[in-house]
Amino acid sequence: MKKYDFPEGFLWGGATAANQIEGGFNEGNKGLNIADVLPGGKERYKILLNPGFDFEIHPDQYYYPNHEAIDFYHRYKEDIALFAEMGFKAFRMSIAWTRIFPNGDEVEANEEGLAFYDCVFDELNKHGIEPVVTISHYEMPLHLVKEYGGWRSRKVVTFFERYVKTIFNRYKNKVKYWMTFNEINSSLVMPIQGLGFSIQKEQDRYQPTFQAYHHQFLASALAVKMCHEIIPNSKIGCMILFAPVYSFDSNPENVMYALQEEQLFNYYCTDVQVRGEYPAFINRYFKEHHIELEIQEGDLELMKEGTVDYIGFSYYMSRTEKKAKTDEDSSEGNIIGGIRNPFLKTSDWGWEIDPVGLRITLNKLYDRYQKPLFVVENGLGAYDKVEEDGTINDDYRINYLREHIQAMGEAIEDGVELMGYTSWGCIDMVSMSTGEFSKRYGYIYVDKHDDGSGTLERKKKKSFFWYRDVISTNGEKL
Ligand code: BG6
């Protein structure tokens, strides 16, 4: 097998999010966030994408998988020890804003929440694992959603600034790598989790969505500036959901359509966060959708001053597009839409598997921005089976990860500057889109099931030992 040359100090590891692993949803004075009101099961996806959602907990009607999740809140020591056994150099996690500011708009931070992350960072540090921290990963305080209408309100920028300042000051000696908003561009298709609101009618969504984005860009720029001031040796990145868009065929109409979809979805947010200004293509889009942004004095300067140091992104799939599509064309598993690509196989959940797409992504992003890249999510959600002897033989996951790591190796040979790879869901957890436990990504199995049953016992899968070897040989042994 071909050997790849990953750079020295490459950040191998795994990725998680607070709301999908921690549990303890009402412990330590934590306030409620959006994830806490999302039920598990079939309803979840509908709720995520559809309006009319009341943001309340209905315990008699639904099960809420994030409330206990996999109980990382109480078991972080055990879990971090397992990550260390795999040789992790980095662990991507998020801070739950509601542990630090339970409602989001308080002036005083919650000491119990701050102390919890001190313990987690100390534990990582003890094992020589670098924390990579997402400041906001789909877990906005629910109070800000209900009282302020989420990121539509400019006041939220101030609350976010306070939160960020608090965590930078508190963890300045413990955390060097940061990221602002998880998959910031995903709100273009799914605004609830990222922007904190849903819209009743499609045609009404443009103005509030892009105004809310403007506020998030200001918040991101403020965070970047503050990070550099408070933690001088830090690196802070953006985080986007990148799915390269392929044209269905060589018909120029379809190629143009694919290009426009790529500009809006993959580059609109990234251009602002990396280059510090709105891209030219968005002006026409704003005009055609009657969007007029309220931009205050100093906003554009701030955006220019707060550009990120690296580009973090998630990569799960590519997307194929044609201008005139019918329902039969649809690739239903791909949450970001598109049509079925006949050259690709799909996962148990219908997500198209495309390792070459990762190499394409890395090349596209590096060609456009010449900034260091960091693959902070990638992985295979699959059903796992515990054999009678207790083993879990997840060769399908190993194959998936191997092919994607090879694609990164090729991209490095292509000249791309790549900082690291934190595969998604290094330990099984709640699925973001479906709220299931049975959609497993981990190297570590957690005995927890869709109905909430299970002992929470951790077990090493076959991929655990495989990934340990990948890391110890810096990607030579795949
Ligand atoms: C990303 C999110 O979109 O994909 C994660 O940042 C999420 O939060 C991951 O878990 C995988 O998606 P899912 O729906 O399979 O959990």
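Numbering of ligands and ligand atoms starts at 1, following listing order. Keep in mind it's a predicted model, so treat the numbers as computed, not measured.
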Student: Heavy-atom contacts under 4.0 Å between M432 and ligand 1: side chain, backbone, both, or neither?
Tutor: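 Within the 4.0 Å criterion, M432 contacts ligand 1 through backbone and side-chain atoms alike.
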Student: Counting each atom of ligand 1 from 1 as listed, which ones have a heavy atom of Y441 under 4.0 Å away?
Tutor: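 The list of qualifying atoms is 11 (C), 12 (O), 13 (P), 15 (O).
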Student: Who passes side chain to side chain donor-acceptor pair (under 3.5 Å) against E123, sequence neighbours left out?
Tutor: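 Applying side chain to side chain donor-acceptor pair (under 3.5 Å) to E123 gives K126.
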Student: Residues two or more places apart in sequence or in another chain: which of them pass side-chain contact (heavy atoms from CB on, under 4.5 Å) with K325?
Tutor: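 Expected list: Y257, E321, K322, D329, I339.
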Student: Below 4.0 Å from ligand 1: does a non-hydrogen atom of L241 turn up there or not?
Tutor: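 Not so, L241 does not reach ligand 1.
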Student: From the options W349, W351, Y316, select the one whose nearest heavy atom is closest to atom 12 (O) of ligand 1.
Tutor: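 Nearest heavy atom to atom 12 (O) of ligand 1 lies in W351.
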Student: Centroid separation under 6.0 Å, is that true for the rings of F83 and F88?
Tutor: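 Aromatic pair counts; centres sit under 6.0 Å.
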Student: Among K462, K459, K461, R440, find the one that has a salt bridge (Lys or Arg N to Asp or Glu O under 4.0 Å) with D384.
Tutor: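 Looking at K462, K459, K461, R440, the match for D384 under the salt bridge (Lys or Arg N to Asp or Glu O under 4.0 Å) is K461.
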Student: Does an N or O anywhere in S433 fall below 3.5 Å from an N or O of ligand 1?
Tutor: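 By distance alone, the answer is yes.
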Student: Between H143 and D105, is any side-chain donor less than 3.5 angstrom from a side-chain acceptor?
Tutor: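 Yes.
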Student: Polar-atom distance check: W424 versus ligand 1, any N or O pair below 3.5 Å?
Tutor: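 Yes.
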Student: With no hydrogens and no angle check, just 3.5 Å: does a side-chain donor-acceptor pair link Y421 and N378?
Tutor: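 Y421 vs N378: donor-acceptor pair found between side chains.
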Student: I'd like to check which ligand 1 atoms, numbered from 1 as shown, lie under 4.0 Å from a non-hydrogen atom of S431.
Tutor: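 Under 4.0 Å from S431, ligand 1 has these atoms: 13 (P), 14 (O), 15 (O), 16 (O).
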Student: When F181 is tested against each of F217, W151, Y138 for side chain to side chain contact (heavy atoms under 4.5 Å, CB included), which residue passes?
Tutor: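 Answer to the side chain to side chain contact (heavy atoms under 4.5 Å, CB included) test with F181 among F217, W151, Y138: W151.
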Student: State if H137 counts as touching ligand 1 under the rule of any non-hydrogen atom under 4.0 Å.
Tutor: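 It does, in that a heavy atom of H137 comes within the 4.0 Å cut-off of ligand 1.
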Student: Can you list the ligand 1 atoms lying under 4.0 Å from a non-hydrogen atom of N182?
Tutor: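 Ligand 1 atoms under the 4.0 Å threshold to N182: 6 (O).
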